[in-house]
There are 2 protein chains.
Amino acid sequence: MATKKTYLSCLDSVKPVRDTLDVINGKWKLPIIISVGVGNERFTDIEESIPGITPKAMAKELKELEQQKLIERIVTNDYPVKITYKWTPYANTLTPIIDALKEWGIKHREEIFKK
Amino acid sequence: MATKKTYLSCLDSVKPVRDTLDVINGKWKLPIIISVGVGNERFTDIEESIPGITPKAMAKELKELEQQKLIERIVTNDYPVKITYKWTPYANTLTPIIDALKEWGIKHREEIFKK
DNA sequence: AAAAGCACTTTCCTTTTGGAAACTGCTATA
DNA sequence: TATAGCAGTTTCCAAAAGGAAAGTGCTTTT
C-alpha cells in the first residue's frame, strides 16, 4: 500500500490569508488606504502624500479599492464639481492589519540597523 | 505666495508598512511561512500543502525567505543527505501579522456570502 | 532492474506590474 | 490672457511575476 500525505494541512490558515492578500496585495493599495485614512481626500493630495506613486497607478488602484467597497468616491455637484475619496466603514476593519504591518516594519528597521 | 502642501503627511505609517510589504509581498511567501510554521519541513511536503504552488516558485521564495532570516535551511549529513526547512526565531515575530490577515480573511468571506 | 521519491533546475511562454512622459478638458486664479 | 490646478487618460516600454512541462542527479524501495 502506498504511503501518502506525509504533509500537515495548513489550509485553515493559508486560505483566509490568501483571501486577504487578494484584496490588499500590491505595492500601492495599503499606502492609498492609509493616506485616505489620515484624511487626504483629493486625488492630487493622496498622490503627493505617497512618494513614488504615479497618477496611472493611483487611478487603477483607486478603482479597485472602490469595487472592493473599501474606498468611496464622492462627486459633489457644486461649481466646480469636486471629487473626494473617503474610507467606507468597511475600511475600518483593516486597521488591525495596518497596525500589525506598521509595528513589524518599525521593529524590522531597528533589527536591520542593529546588525 | 504660493500655497503648497495641502496634503496631510502619512509617511509615519506608509514607510514602515512598505518596509514590511517588501519582505512578505507576493502570492507565496506567507503561505510558505505558514506551512513551515505548522511543521512541514521537507520541500515536497511544503509544496503539497500549498495548492497551486510550483517547484519553481517554491525554490525562489524559499531562497528569499532564507536571505531574510525568516526560514532556515538545514542540511543533515546523514545517509542520505536530508534537507529540512524551519522557522527561525525571527519568524515568530510575524505571527501577529498572520493572525490579523487570517482573521480578516475569515470575516471577509462571511461578508461576501452574506450579500 | 525498474520505478518512485527527493530537491530542485531549466526552458518557454504569457500576464501583470511598474514607470516616464505627454496629453486632455475643464476651472480658477494672477 | 496666460498660468496653474484638478482628475485623470494614453502611449510606450522594460522588468517582474507566474505557470506548464520536462529534465536532472541522486537514493531508495519494490
Side-chain angles (χ1 to χ4, degrees), chain A residues 1-8 14 18 21-32 35-36 39-68 71-86, chain B residues 1-8 14 18 21-32 35-36 39-68 71-86:
Chain A
M1 220 184 281
T3 311
K4 0 176 151 161
K5 217 161 74 160
T6 65
Y7 66 88
L8 305 159
V14 166
R18 290 211 39 191
L21 292 179
D22 286 344
V23 175
I24 59 160
N25 67 356
K27 206 172 167 179
W28 303 116
K29 288 226 177 62
L30 283 173
I32 290 172
S35 178
V36 176
N40 289 309
E41 302 191 324
R42 314 299 303 271
F43 192 94
T44 16
D45 285 346
I46 302 167
E47 191 187 339
E48 286 171 41
S49 74
I50 302 170
I53 202 168
T54 60
K56 182 181 143 192
M58 278 283 298
K60 184 182 166 251
E61 304 292 290
L62 277 171
K63 267 170 206 155
E64 289 180 29
L65 291 171
E66 241 195 292
Q67 282 173 8
Q68 288 158 173
I71 297 280
E72 202 186 349
R73 185 180 188 269
I74 302 156
V75 183
T76 41
N77 275 324
D78 306 336
Y79 289 110
V81 171
K82 201 178 163 187
I83 290 157
T84 53
Y85 292 94
K86 299 202 176 175
Chain B
M1 222 184 280
T3 311
K4 359 176 152 161
K5 218 162 71 160
T6 64
Y7 67 88
L8 304 160
V14 166
R18 289 210 42 190
L21 291 179
D22 286 344
V23 175
I24 60 161
N25 68 354
K27 207 173 168 180
W28 302 117
K29 287 226 179 62
L30 283 173
I32 290 172
S35 178
V36 175
N40 290 307
E41 301 190 326
R42 313 300 304 269
F43 192 95
T44 15
D45 285 346
I46 301 165
E47 190 188 340
E48 286 171 38
S49 74
I50 303 170
I53 201 168
T54 61
K56 183 180 144 192
M58 278 283 299
K60 185 182 166 252
E61 304 293 288
L62 277 172
K63 265 168 209 156
E64 289 180 29
L65 292 171
E66 241 194 293
Q67 282 173 9
Q68 289 158 172
I71 297 279
E72 200 185 349
R73 184 180 187 267
I74 301 156
V75 183
T76 41
N77 275 326
D78 306 336
Y79 290 109
V81 171
K82 202 178 161 188
I83 291 157
T84 54
Y85 293 95
K86 300 202 175 174

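Every chain is numbered from 1, with letters handed out A, B, ... down the list of sequences. The model shown is predicted, which means the values in this text are computed figures rather than measured ones.
For the atom pair CG (A:Leu62) and CD (A:Glu47), the distance works out to 10.0 Å, reported to the nearest 0.5 Å.
Separating the CD atom of A:Glu61 from the C1' atom of C:dT17 is a distance of 9 Å, rounded to the nearest angstrom. Rounded to a whole Å, the CD1 atom of A:Ile46 is 12 Å from the C1' atom of D:dG8. Summarising the geometry, the separation between CD on A:Glu47 and C1' on D:dA7 is reported as 9 Å, rounded to the nearest angstrom. A:Lys27 places its NZ atom 10 Å from the P atom of D:dA17, with the value rounded to the nearest Å. In this structure, A:Asn25 places its CG atom 9 Å from P of D:dG18, rounding to the nearest Å. Going from atom CD of A:Glu64 over to atom C1' of D:dG8 covers 16 Å, rounded to whole Å. Between the CZ atom of B:Arg42 and the P atom of C:dC8 there is a distance of 10 Å, rounded to whole Å. The CZ-P distance, from A:Phe43 to D:dC6, rounds to 12 Å in whole Å.
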| task | Report, as a single string ordered 5' to 3', how protein heavy atoms within less than 4.0 Å touch nucleotides 21-30 of chain C: B base, S sugar-phosphate only, - not at all. | result | ------SS--
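Under the 4.0 Å criterion applied to side-chain N and carboxylate O atoms, A:Lys86 and A:Glu72 are not assigned as salt-bridge partners.
For the pair B:Ser35 and B:Asn40, the tightest heavy-atom approach, listed with the atom from each and the gap, is OG-ND2, 3.0 Å. For the residue pair B:Gly52 and B:Trp28, the shortest heavy atom distance occurs at C-CH2, 3.8 Å. For B:Glu61 against B:Ile32, the heavy-atom pair with the smallest separation is CB-CD1, 3.5 Å.
A sub-4.0 Å separation between OP1 or OP2 of C:dT9 and a side-chain N or O of B:Lys63 is present. Regarding contacts with the backbone of D:dA7, a side-chain N or O of A:Thr44 is found under 4.0 angstrom from either OP1 or OP2.
Of the candidates C:dA20, D:dG18, C:dC8, the closest approach to any side-chain atom of A:Thr54 belongs to C:dA20. When distances are taken from the side chain of B:Arg73 to each of C:dT9, D:dG8, C:dA7, the shortest belongs to C:dA7. Distance from the side chain of B:Tyr85 is smallest for C:dC8 among the nucleotides C:dC8, C:dG18, D:dA7.
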| query | For B:Thr76 and B:Thr84, what are the C-alpha separation, side-chain angles and deciding distance, and is it a side chain to side chain contact (heavy atoms under 4.5 Å, CB included)? | reply | CA-CA 8 Å; B:Thr76 41; B:Thr84 54; 5.6 Å; no
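When atom types are taken as modelled, the side chain of A:Arg42 and the backbone of A:Ile83 share a donor-acceptor pair closer than 3.5 angstrom.
Residue B:Lys82 is classed as having no contact, given no heavy-atom separation below 4.0 Å to the nucleic acid.
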